[in-house]
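One structure is given below, encoded as structure tokens.
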2 protein chains.
Amino acid sequence: MRDVNTDALRGHMDALLLSVLESEPLHGYAIIEALQERSGGTLTVPTGTVYPALRRLEQAGYLASEWATVGGRKRRTYRLTSAGRTALAGERSAWQRFTSAIGSVLEPRPTK
Amino acid sequence: MRDVNTDALRGHMDALLLSVLESEPLHGYAIIEALQERSGGTLTVPTGTVYPALRRLEQAGYLASEWATVGGRKRRTYRLTSAGRTALAGERSAWQRFTSAIGSVLEPRPTK
DNA sequence: TTCTACATGTAGGCTGTCTATAGATAGAGT
DNA sequence: ACTCTATCTATAGACAGCCTACATGTAGAA
């Protein structure tokens, strides 16, 4: 049973991150847990993937961050910007087109 | 309207190629056309992607190829091996798990 | 004190997809 | 004859993003 991760995620990371941040602001560590939970334990995204990706999305203007201290620990909390919400909508429709296209190719056909 | 290609395909190319070769052997050029047709014109895979990928899959033992001359033109025709059929089955279930995982994360939720 | 959970972050590697380019034949149109 | 399009294979190098591994530190439980 091959892992879902490793490669296949490429190009979909942005959508995932924007999506978990849609309902509420979260910090990196919490985002990783949220992805794990929401995917039913299937998605285990390493920190070396998430933190750089978050910075990239902030750079792009889709996220904004601020530091907070909770229980003696420092967190950088990310929230969606309005541009981020627009981007998320685009990612969702892109995902629809993507799965539809791949799915129709992968559909089994009668052997000639 | 962003293109479906570019990045998102990464990690799914193998599944696509194995799938179009399931029903009948095809040569590279025909494979590209088949992908285009089956996806309803959405998937335009460049030759620089397909040919190396086919070689990689042959190297892996999932495909076998042989030269044929049709109308003065040389074609290298690829067909699925039995290992390739097994791999295709694996790719299909991986695709199911993949879309299920991403889909459940992307699903919109009520804002807190 | 040790272990686990919490929390952020970077450097470098890997690898597969894309762009761009090359070469060649066949057939239609001008 | 010439050009253009379609058919057909192929490679080199660029690019980008995900991963592994590592570094650093606090808090709380055993």
Side-chain angles (χ1 to χ4, degrees), chain A residues 2-18 25-37 42-60 62-63 65-78 91 94 98 101-102, chain B residues 2-18 25-37 42-60 62-63 65-78 91 94 98 101-102:
Chain A
R2 220 181 48 180
D3 201 19
V4 165
N5 308 319
T6 312
D7 252 346
L9 245 51
R10 187 180 271 245
H12 307 288
M13 209 49 236
D14 293 7
L16 293 174
L17 295 175
L18 295 175
L26 291 172
H27 60 287
Y29 193 85
I31 289 171
I32 293 171
E33 291 181 317
L35 287 173
Q36 184 92 21
E37 284 165 30
T42 312
L43 255 41
T44 307
V45 186
T47 65
T49 296
V50 169
Y51 289 110
L54 289 172
R55 284 167 168 273
R56 185 164 41 79
L57 289 172
E58 186 172 23
Q59 202 76 25
Y62 298 150
L63 299 180
S65 72
E66 47 188 29
W67 284 98
T69 306
V70 179
R73 290 196 194 87
K74 283 196 173 184
R75 294 172 173 176
R76 190 201 283 270
T77 305
Y78 288 89
E91 292 285 352
F98 175 72
I102 307 289
Chain B
R2 218 180 50 183
D3 203 17
V4 163
N5 308 321
T6 314
D7 254 343
L9 247 49
R10 187 178 269 243
H12 308 287
M13 205 54 231
D14 294 7
L16 293 174
L17 295 176
L18 295 175
L26 291 172
H27 60 284
Y29 194 85
I31 289 171
I32 292 172
E33 291 181 318
L35 287 173
Q36 184 93 19
E37 283 164 30
T42 312
L43 255 41
T44 308
V45 186
T47 65
T49 297
V50 168
Y51 290 109
L54 288 172
R55 283 167 168 273
R56 186 165 39 79
L57 290 171
E58 186 172 24
Q59 201 77 20
Y62 299 150
L63 299 179
S65 70
E66 46 188 28
W67 284 99
T69 305
V70 179
R73 290 195 194 84
K74 284 198 172 182
R75 294 174 173 175
R76 190 200 283 271
T77 305
Y78 288 90
E91 293 284 352
F98 175 73
I102 308 290

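To find a chain, count down the sequence lines: A is the first, B the second, and so on, and within it residues start at 1.
Among the atoms of the strands shown, only primed sugar atoms or phosphate atoms (P, OP1, OP2) are found under 4.0 Å from some heavy atom of B/Arg76. B/Gly48 comes within 4.0 angstrom of a base, heavy atoms only.
Proximity note for B/Tyr29 (side chain, C-beta onward) versus C/dA5, C/dT17, D/dT7: the nearest is D/dT7. Nearest nucleotide to the side chain of A/Glu33, out of C/dG9, C/dC18, C/dC6: C/dC6. Checked against D/dA6, D/dC19, C/dT10, the side chain of A/Pro46 finds its nearest nucleotide in D/dC19. Distances from the side chain of A/Thr49 to the nucleotides D/dC18, C/dT10, C/dT25 place D/dC18 closest. With D/dA10, C/dT17, C/dA7 as the candidates, the nucleotide lying closest to the side chain of A/His27 is C/dA7. When distances run from any side-chain atom of A/Tyr78 to the nucleotides C/dG9, D/dA10, D/dA27, the shortest one goes to C/dG9.
At the phosphate of D/dT9, neither OP1 nor OP2 sits under 4.0 Å from any side-chain N or O atom of B/Thr47. Considering only side-chain N and O atoms, B/Arg55 lies under 4.0 angstrom from the phosphate OP1 or OP2 of D/dT11. For C/dC18, the OP1/OP2 oxygens have no side-chain nitrogen or oxygen of B/Arg10 closer than 4.0 Å. For C/dT15, the OP1/OP2 oxygens have no side-chain nitrogen or oxygen of B/Arg56 closer than 4.0 Å.
Comparing A/Val70 and A/Pro52 against DNA chain C, the residue whose closest nucleotide sits nearer the 5' end is A/Val70. The residue among A/Gly72 and A/His12 whose nearest nucleotide of DNA chain D is located toward the 5' end is A/His12.
A donor-acceptor contact under 3.5 Å is not formed by the side chain of A/Arg75 with the base of C/dT8.
Ring-plane geometry between A/His12 and B/Phe98 is classed as perpendicular, the angle between the planes exceeding 60 degrees on a 0 to 90 degree scale with a lower cut at 30.
Rounded to whole angstrom, the span from the OH atom of B/Tyr51 across to the P atom of C/dC18 amounts to 15 Å. Spacing between atom CD1 of B/Ile32 and atom P of D/dA10 amounts to 11 Å, rounded to whole angstrom units. Spacing between atom CZ of A/Arg73 and atom P of C/dA7 amounts to 5 Å, rounded to whole angstrom units. What separates CD of B/Glu91 from P of C/dG16 is a distance of 12 Å, to the nearest Å. Between the CG atom of A/Leu17 and the P atom of D/dG17 there is a distance of 13 Å, given to the nearest Å. Here the P atom of nucleotide D/dC18 and the CD1 atom of A/Ile31 are 14 Å apart, to the nearest Å. Note: CG (A/Leu16) to C1' (D/dG17) measures 14 Å, nearest angstrom. A straight line from CG of A/Leu54 to P of C/dA7 spans 15 Å, rounded to a whole angstrom.
Not one N or O on the side chain of B/Glu91 forms a donor-acceptor pair closer than 3.5 Å with the backbone of B/Leu18.
In this structure, the side chains of B/Leu9 and A/Ile102 come closer than 4.5 Å at one or more pairs of heavy atoms. You'll find the side chain of B/Leu16 stays beyond 4.5 Å of the side chain of B/Val45, heavy atoms only. Between A/Leu57 and A/Met13 there is no side-chain heavy-atom pair separated by less than 4.5 Å.
Nearest heavy-atom pair across B/Gly28 and B/Leu54 is CA-CD1, 4.0 Å.
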